[in-house]
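What follows is a short report on a single structure.
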Amino acid sequence: MATQDRLTQWNSTGETPSLRNRKNFSSSEKTGVSEDKNCPPVPGDDTQSSNGTLAQSEARERVSNRESVAVESPSAAVLLMLVVGLSFSTRLYKITEPPHVCWDETHFGKMGSYYINRTFFFDVHPPLGKMLIGLAGYMTGYDGTFPFVKPGDKYEHHSYAGMRGFCAVLGSCLPIFAYLLVRDLSQSHIAALITATLLIFDTGCITISQYILLDPILMFFIMAAVLSMVKFNQLAHRPFTASWWLWLLLTGTNLAGAFGVKFVGLFVILLVGLNTVFDLWRLLGDLSLSLVDIVKHFLARVVGLILLPLFLYVTIFAVHFVVLNKSGQGDGFFSSAFQSRLIGNNLHNASMPEYLSYGSTITVKNLRIAGGYLHSHWHLYPEGVGARQQQVTAYLHKDYNNLWRVHRPADNESQSGTPDLVRHGDIIRLEHKETTRNLHSHLHEAPLTKKHFQVTGYGTNATGDRNDLWQVEVCGGRKGDLVKVLRSKVRFLHRVTGCVLYSSGKTLPKWGWEQGEVTCSPYLKETPSSQWNIEDHINPKLPNISLSVLKPHFLEILLESHIVMIRGNSGLKPKDNEMNSKPWHWPMNYQGLRFSGVNETEYRVYLLGNPVIWWMNLASLGLYLLMVTVASIALQRGFSLDQKRMEHSHLLMKGGGLLLLGWLLHYAPFYAMGRVLYYHHYFPAMLFSSMLTGITFDILLKSTELLLRPPYSDWLQRTGLIVLLFTFLYSFYLFHPLSYGMTGPLAHEPGSAMAGLKWMDSWEF
Amino acid sequence: MVTAEAPGCPTELRTTRERSDVTRVLMLQLPLVVTAQVDLVLVLVSLLGLWTRLSHLSYPNAVVFDEVYYGPFVSLYMKRVFFIDDSGPPLGHMILALGAYLGGFDGNFVWNRIGAEYPCSVNVWSLRLLPALCGALCVPLAYLLTLELRFSHLSALGAALLLLLENSLIVQSRFMLLESVLIFFVLLAFFSYLRFHNAPSSSWLRYSWLLLCGASCGAAIGVKYMGVFSYLLLLGVASLHTWNMIGDQTVSHLSVCVQCVCRFVCLLVVPVLLYVFWFYVHLGILNRSGPHDQFMSSAFQAGLQGGLSRITQGQPLEVAFGSQVTLRSSTSQTIPCWLHSHKANYPIRYENGRGSSHQQQVTCYPFKDINNWWIVKNPGRQELVVGSPPQTVRHGDIIQLVHGMTSRYLNSHDVAAPMSPHHQEVSGYLDFNVSMAAQNLWRVDIANRAAESEVWKTIQSEVQLVHVNTSAVLKLSGMSLPDWGFHQLEVVAEKLFKARSSGWTVEEHRYGTSQEQEEREVELHSPTHIDVDRKISFWAKFLELQWKMLTVKQDDSEHKYSSSPSEWITMETNIAYWLHSSSNAQIHLIGNPVSWGVAILSLLAYQLLAAVYLLRRRRGFKDLPDGVWSQFVCLGCVCVGGWLVNFVPFLLMEKTLFLYHYLPALCYLYLLGPALLEHTHTHLLSSVTHRRALVVCASAVLFSAFLSYRTFCPLTYGSPELSANQLQKLKWKTTWDILYRRR
C-alpha cells in the first residue's frame, strides 16, 4: 500500500517542478524499461511540447522517463510479476484434463491436423488461428493422425497438450495485457490490479483459454492491438521516433492477426480506425504543424495500419494455399479451376473427353462463386410451392446425384459408334442419372425468387414433354461451336419459355435440405449466376485427353475463398427448434456452454463466467454511465472542480470512453447479425467491460475523498479495495470447479461440489 | 404565418406576396383591430398540393395495390372485430378507418385481389381522403420547414415544388396507404421543433410548439414503426441543443433544470403516452372476437366478446379433482395448440430404426377438438366426478390426467421421444405386459402463483406439469410428427433442470358429473356452461399485444415487385399498382426521374461541401461566419441526417422491402436541394454572372422536373390510357416493369 500512497501523491502533484529534482532513482531500471513503458503526458501536455523549444521538450522527456521509472518501482514490478504468475498458473493448471475432445476442439483440432497433413478443407474463418494451432501441434510432436471425430473421443496416446498449452499461453497473456493497458490509460495501479484480478479469476476466461479453440488466439491479438494502440497514443508527443514506429507497426501486425483468426477481428480494426481518425483530426487542428507534417502523419498511418496489415493478411492466405495442396472435403465449395490445384482431386491433371457429346454423363457447375452443382434427388417440391414435381437444387458437395446425362430431344438410346458432339445452339435434354427425370421448367413461380420460374425434374425413364428441352449456348460462341469441358461457359435456355437456367444463391428451407435454389430466369442478362461449366465428363466411347485447366491467379483464389467464407458464415442460420443464445443473455451470464460431459458420471466442464465478476461488470457499466454523466454535466456547466476531480473526469471521459467504445463495438453488432450466435462470442467484449470496471471502481474509491477527510478516506479506500479483491477471490474459490472439472451429482442434487451455487435456473451444471 | 421578412428575400417575390401575419389582438385598445397577414405563396402551393393529390380521387374505382392489405383491417374496424397486424402500430389503420367511417363504409366488402371493382355502395373518395389530405399538406409543410431552417422564401418555394411534382409521392398519397401520413407527421414534428428552437427563449408560448412536436412524433411512430428513425434523429438534434443550453452559463441553474424537464416531458413522455393511447383506443374499439384470436393468450381472448369468452363464460374458475379441462400450451409459439391424444399408437419402429413404447400417441393439436379434453383425477380415488364441495387443486398437488375419449392416463417414461430423442416420450398408457409400469403421476406446479394464487385457476394460472417419477416437465418440443402422427405437434417431457417456458393453461373447463365412459362422451360433446367474469387490465393487454406484434413471424418470401435498398437511390425499380381490367390504363409507383436525380446530386454536393468546409475550418480558415455555419450544419443534421436514418437501416434489414420505403428519406433530400442552391448562391458565388447562371440553371432544372412530371402523369393518375408504343417510350430504364396488354 505504501507504493500506492506514494503514487497517488505523485499523481496529485502532477507536473510540478519539484519532480525535476528526483534524479536519484536507480539508472539500471531506467535503461531497462524507459523506452517502452513511457509515462503518458497529462492532458494538455502535447500542445506544450509542440509549442516549446526543442531543448525544453527533450528535457521534459527525460523527466517523463524518470517519472515512468517511478511507476516501475520495485513493488510495481513485483505486482506485475504476481499478475504474470497467477495468470499463467490459473490457465495452465490441469491443462490436460479432460483427456478427450471437448466441444469445438473437434473442429479446430481437426483443422490443425489438416495443416499437418496438408489436406485442403473449407471453413468459415480465415486461416491464421488454425495454422497456429497446427504449428503448435507440429512443434510439440503431434503427428496429425488423430481424427477428432466428435466431442468425447479419447486422445489416448496422441499428443494434444501442446496445442492446448499454446492456446492457454496466449490466453494467459490477456490479464497481463489488460493490466498494462489499464495502467497506461489510468496511471493507477489500483485500477490495473482490479482489472487483472477480474480477468485472472474469471472462470469463463480460464475455461475458454484452456482448449484448442480460436478464441484465445483471437483475444490475444485483439488485446495486443489495443495495447499497442494505447502505447502509440502515448507517444503522440514524440512522433517518428523508433518506439513510435514500433508501436504503430505492432498495432498493424496485431490487427492483421486478429482479422486473420476470425472476422470478428473487424471490430477491433474499427476501434483502432476510429481512434486513428480522432488522432488525425486532432493533428489537423494543431496549427503549429505544417500541412507537410500532417501528410507525413497520415501516410505513416496508412502504411502502418492499412498496407502492413493487408500485406500480412494476404501473406497468411498465401501460406494457407501453399501448405494445403491435397484434395480434401471442402473441394466442392470451390470452382473447377480452384480444384485443379489440389493433388488428388479428379480435376488435378484431369483427363477426360475434351468436347461435350451426346450420351455423356456430366456434372454441371454454376460459375457464380460457391454456386454449387446442378443437383436433383427423389424428393418432390412440397405442396403450395409450384408444381408438385421433383426438386432441382444447387448442391455444394460432390455427390452421385449431381450426375446428368446429355440426350438429343428425341432418342433415349445412345447410338453405336462415335457419339456426336454437342454444338452451340443445339437442343438437348438433360436426364438426371439417378432418378431418370428430365430437367424441366414451366410457368410456375420459383420457390424463393418469385420473379423467376420453377425448375423441376419431370417425366420417367426420360420421357417427358416439350418443357424438357434446353438450348445450349456457349458464351461468346457462334453457331456450330463445340462445347469445351471445363473451359466453356455455357448457358441453358429453356426452349418454351425462353428463360435461362439460373442459380439464385438463396438457400431453400428444410424441405429442400437447405440446398441452393435453382430457377429459370426470364432476365437474359449474362451473369455468372446464369452461366455454367461442365466439370466431370464421362464417356467411355471417347478418348480421354489430358486437360490443363487455366491455373487461377492468386488474387482470384483469394477473392473466391473470401466469398465462399462469407457465404458460409451467413449460411449458419439458427434452426427453428434449436434454443439459441441471444445477445442480451450474455452480459448477465444467463446461460453457458457445455464443454464436456452431460450427466453425473462424466467429467464435466461448463463454460460460464464467474457470476460475481460478470454481474459486477454489468453493474459497473451502469455506474460508469452515471459517473460520466455527472462529470460531463459538471464540466459543461462550468462548475469549478479541484485538480483531482478534473483529472478523474478527463480520465473517465477519455480512457473510459475508449473502453466503452471497445465494448460497444465488440457487442452491439451481434444484435444485427442473422447467423447463429453463441455465448462465447461475448468474451472479447467482456475483456473491455472488465477494464472499464477497473477504471470505474478505482475512481469510485478515490472519490471517497468527497465524503470523508483524508485519513479516513484512505482507510475506506483500502478496505474497499481489499473487500473487492477478496470477493473476487472467494467467488473464484466457489466456482472454480466449472473450469477445472466436476464429477459426481449435478448441482441441484445434494452432495454436489456445486450444491447451492446454481443461482440461475438456466445454468446447466 | 411569417412575421418578418427575411432581409435577403428577392424583390420579385415581394411583389407576389401580400403582408403576412396572423392575429395580433390589441387588448382593450380601441379601435379593436385584427391584422391578418397571409403568405400567398404558401396558400398557392397548398392549393396546388390539394389539387394534385385530391383531384379524381375516386378513380380508379378498384382496389389498388396495398389497399388489398389495409382494406381488411378497415373492414374489421367497422365491425369492431379484433385483429393483429405486425406491420405497424394501430394509429395508421385507425386513420384509414376514420376515413371509412366518415364515408359511411359498413365493412362489407371482400378485399380479395388487386383490381377488384368497388361496388357503388362504397364511398371510395372518403376511404382515400385522409392519406391524400396528409400528402397534400406535406407540400406547405416543406415550405414552412425550409423557412424554419432559416432559408429564403425562394428556397422554400423550390422545396415545395419538388415535393409537389414528385410522382411517387402523389401516387402514394392517393390511395389507402400510410406513407403519406407518416411523412406528414414527421415533417410536422421537425417543423414544430425548429419553430420552438428558433423562437426567442423568453416566450413561453414556444412550449406549445414543443408539445406539438412531441405529439406528432407520437403520431408518426403510431403510424409506422419507421417513424422511430426520424424520432431518434429529432431526439439527437434536441439533445444537442439541450446540451448547448446546459453549457450556457448565462442561464441560471433553475432555468436550465426547468427547461430540461420541459423538453424531457414533451419529447419523451408525451410520445410514449400517446403511443400507448393509440393502443388504448385500438383495444377499446376492437372488442369482438375474430380470426386472430388464437394468437393471443386465453386471458386476452376471454376479454373479447364472442369467441372464447362465449365458450368460457360461466365456467367454474377453480380447477378441482374431477374437472374436465382442455390444456393449451402457453409457450410463445405463433400457432396455439391444445394437449391432445387419439386412438393411434406410436409406431413400433421409427424410420431411423429406433424403437418406441408403442403406446397411445399424445400430441399437441392446433384445432379445437373433442379429443382435447382431459380429466383431472385424484390418484388416491377412483371417481372421475367432482365431489361436493369441489376439492380444488393447488400448487404442489399430485394429479393424474385421464384422456376423456379414450380413458388413457397421461404417462411418461424413459423412452426416447419420436422426433427429439434426447427427451422423454409422453404417451397414453397402455399395458402390454412388457414390464413397463405405468408412470402416470404428475405434480402441478403453478408458475405464476406469486402473481395469481396457489389455486389452479382456469385461464389465469400457468401450470407446469412435472412428472413425478423422473421430474421431467411436459412441454412442446417444437417439432411436428410425420404422417403416422397426422403432422400434429410433438409433446415430450424434458428434465426439469433445463426446462423453460413449458406452461399450460386450462382454457375450457367444467365440472365432470358422469362416472361412466359413455355418459362422459355425451357430456364432452355437449357445450360448456355456468358463470364467472374475469378481466385483465389494459396494461397487460397492451404489453401482450405489443409483444405479439413484434414477434409474430412474417413469411419473408420475395414479392414480384420487392426490391433491395441499393436499387432505390437510382430508382432501378418500380411497382405496378393497378392495371385496368380491359385497357392499358395503369398506375405505377415511379418517381420523377429529374427530381430524383436532383435529390441524389444535392446529397453528394452537400457531403463534398461539408468535407471541404470542415477540413478548412480545422486548419483555421473560417470561410463562413458563425451564424451561416450553424445554419449550414443544422441543414445537414436535419436533411442529410434524415436521409441517413431513413435509408441506412434498410440495408441491414432482412424484410421484404419495396420502393415506397424510400419515400420518407427522399423527402429530406428535396428539402436539402434548394437550400443548398441558395447557400451556393449567397456564399460561394461572388460574381454576378455566376449567380445569374445559377438561377437560370435552377429554373431550367425545375422546369424539366415539371416536364417529366407531366410525362409520367398518365402512370400516376391512371389516365389517359396510353398505347403500347407510348408506354414503351416511358420505359426510361430497362429494369422497370411496365405492363402491356397483349392484343
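Letters A, B, ... are given to chains in the order of the sequence lines, protein chains preceding strands, and every chain is numbered from 1. Only heavy atoms go into these numbers, but all of them, side chains included; no hydrogens, no water, no symmetry mates.
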**OP:** Anything in residues 610-620 of chain B with a heavy-atom distance to chain A below 4.5 Å? Please list those residues in order.
**Re:** B:Leu614, B:Leu615, B:Arg618, B:Arg619, B:Gly620

Original post:
For A:Leu283, is it the side chain, the backbone, both or neither that has a heavy atom under 4.5 Å from a heavy atom of chain B?
Top reply: backbone

**OP:** With a 4.5 Å cut-off on heavy-atom pairs, point out which of B:Ile246, B:Asn244, B:Val251 contacts chain A the most.
**Re:** B:Ile246

**OP:** Please test B:Lys475 against B:Glu494 for salt bridge (charged side-chain N to carboxylate O under 4.0 Å, His left out), starting from the C-alpha separation and ending with a verdict.
**Re:** CA-CA 7 Å; B:Lys475 63 167 271 183; B:Glu494 191 184 10; 3.0 Å; yes

Subject >> side chain to side chain contact (heavy atoms under 4.5 Å, CB included) involving A:Leu625 - partner list, sequence neighbours excluded >> reply: A:Leu660

Original post:
Would the A:Trp511 and A:Tyr381 ring centres measure less than 6.0 Å apart?
Top reply: yes

Original post:
Do A:Phe639 and B:His253 make the cut of ring centroids closer than 6.0 angstrom?
Top reply: yes

**OP:** Could I get the full list of side chain to side chain contact (heavy atoms under 4.5 Å, CB included) partners for B:Val228, not counting sequence neighbours?
**Re:** B:Ile221, B:Leu232

Subject >> Contact check, side chains of B:Leu657 and B:Ser564, non-hydrogen atoms, under 4.5 Å >> reply: no

**OP:** With a 4.5 angstrom heavy-atom cut-off, could you sort out which part of B:Met245 is near chain A: side chain, backbone, both or neither?
**Re:** backbone

Original post:
Mind checking what makes side chain to side chain contact (heavy atoms under 4.5 Å, CB included) contact with A:Ser649, not counting sequence neighbours?
Top reply: A:Ala631, A:Leu635, A:Leu641

